[in-house]
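For reference, the structure discussed in these notes is given below.
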Amino acid sequence: MNTLTEEITLLNQLQNNTTKEQAFRWLISEYKERLYWHIRKIVISHDDTDDVLQNTFIKVYRSIDKFKGESKLFSWMYRIATNEAITFINKRAKEKNIDISDMQFQLASNLDSDTWFDGDKIQIILQKAIATLPQKQQLVFNMKYFDDMKYQEISDILDTSVGALKASYHHAVKKIEEYVKFNQH
């Protein structure tokens with residue numbers, strides 16, 4: 001999605017009953033992979049990611065008529081994906097009667113037995129380090145470091161000031177560096 005004109009055209013197609021199905025299929029093919037990896041960094045498991053991604057697209061489909069264009073379409077979908085992933089993790093943690101940070105650390109610890117994860121030892125340590133961060137710092141770190149998003153884009157998605165995001169990212173990096181230094185041996 002390059003220009004504002006293209007986004008407006010797509011939005012009009014998504015909000016028109018005659019063109020909605022085809023436009024939505026294009027939307028899925030265009031954004032599925034990026035949203036998958038964003039969600040995967042939060043819920044960690046491949047199967048759970050697929051479920052959350054499907055719920056995200058269902059919510060986008062059902063809510064597209066209410067989208068007012070006050071942010072970019074992708075930012076809006078990213079926010080829905082983020083909320084769906086957090087809701088999923090919270091629900092899982094509650095079912096197991098554990099804290100959300102414990103839940104995410106547990107999931108990160110299971111990565112080496114996940115057949116869909118092809119990372120090496122340092123990547124597992126990095127994922128465990130990220131799992132120890134408060135949720136907001138995890139989101140900011142993942143969006144900035146892995147997704148290479150600009151602070152303004154993250155601000156639009158998380159509805160947080162750019163200054164606060166920079167501080168969160170800085171704190172996250174420091175904590176991750178400490179964790180990796182302490183745990184890589």
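Note: F67 and W76 have tilted aromatic rings, judged against thresholds of 30 and 60 degrees for the angle between ring planes.
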Item to complete: Check the pair L73 / L27 against side chain to side chain contact (heavy atoms under 4.5 Å, CB included), numbers first and verdict last.
Response: CA-CA 10 Å; L73 184 59; L27 187 78; 3.8 Å; yes

Practice prompt. Check step by step if side chain to side chain contact (heavy atoms under 4.5 Å, CB included) holds for L158 and M143.
Written response: CA-CA 10 Å; L158 298 180; M143 291 169 149; 4.1 Å; yes

Worksheet item: Under the side chain to side chain contact (heavy atoms under 4.5 Å, CB included) criterion, do Y78 and Y31 qualify, and how do the steps go?
Response: CA-CA 10 Å; Y78 226 89; Y31 293 112; over 6 Å; no

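Within the model, atoms CZ of F88 and CD1 of I42 stand 12.0 Å from one another, a figure rounded to the nearest 0.5 Å. Interatomic distance, L53 CG to D48 CG, rounded to the nearest 0.5 Å: 12.5 Å. Remark: R79 CZ to D159 CG distance equals 6.5 Å, nearest 0.5 Å. Interatomic distance, CD1 of I39 versus CD1 of I44, reported as 13.5 Å (0.5 Å rounding). In this structure, CG in L35 is found 10.5 Å from CD in E33, a value given to the nearest 0.5 Å. Note: K59 NZ to T56 OG1 = 8.5 Å, rounded to the nearest 0.5 Å.
Between E178 and K175 there is no salt bridge, since no side-chain nitrogen of the basic residue lies less than 4.0 Å from a carboxylate oxygen of the acidic one.
Under the 4.5 Å side-chain criterion, counting only non-hydrogen atoms from C-beta, N142 is not in contact with H38. Within the 4.5 Å cutoff, the side chain of S168 has no heavy atoms near those of the H171 side chain.
Q138 contributes a side-chain N or O that, together with a main-chain N or O of L133, makes up a donor-acceptor pair within less than 3.5 Å.
Partners of D50 according to the side chain to side chain contact (heavy atoms under 4.5 Å, CB included) rule, which considers only residues two or more places apart in sequence or in another chain, are Y36, H46. Annotation: side chain to side chain donor-acceptor pair (under 3.5 Å) contacts of Q22 (sequence neighbours excluded): none.
Cation-pi geometry between R34 and F74 is satisfied (NZ or CZ under 6.0 Å from the ring centre, within 45° of the ring normal).
Between the side chains of T18 and N16, at least one donor N or O lies within less than 3.5 Å of an accepting N or O.
Hydrophobic clustering keeps I58 apart from V60 (ILVMFWY residues linked when any side-chain heavy atoms are closer than 4.5 Å, directly or through intermediates).
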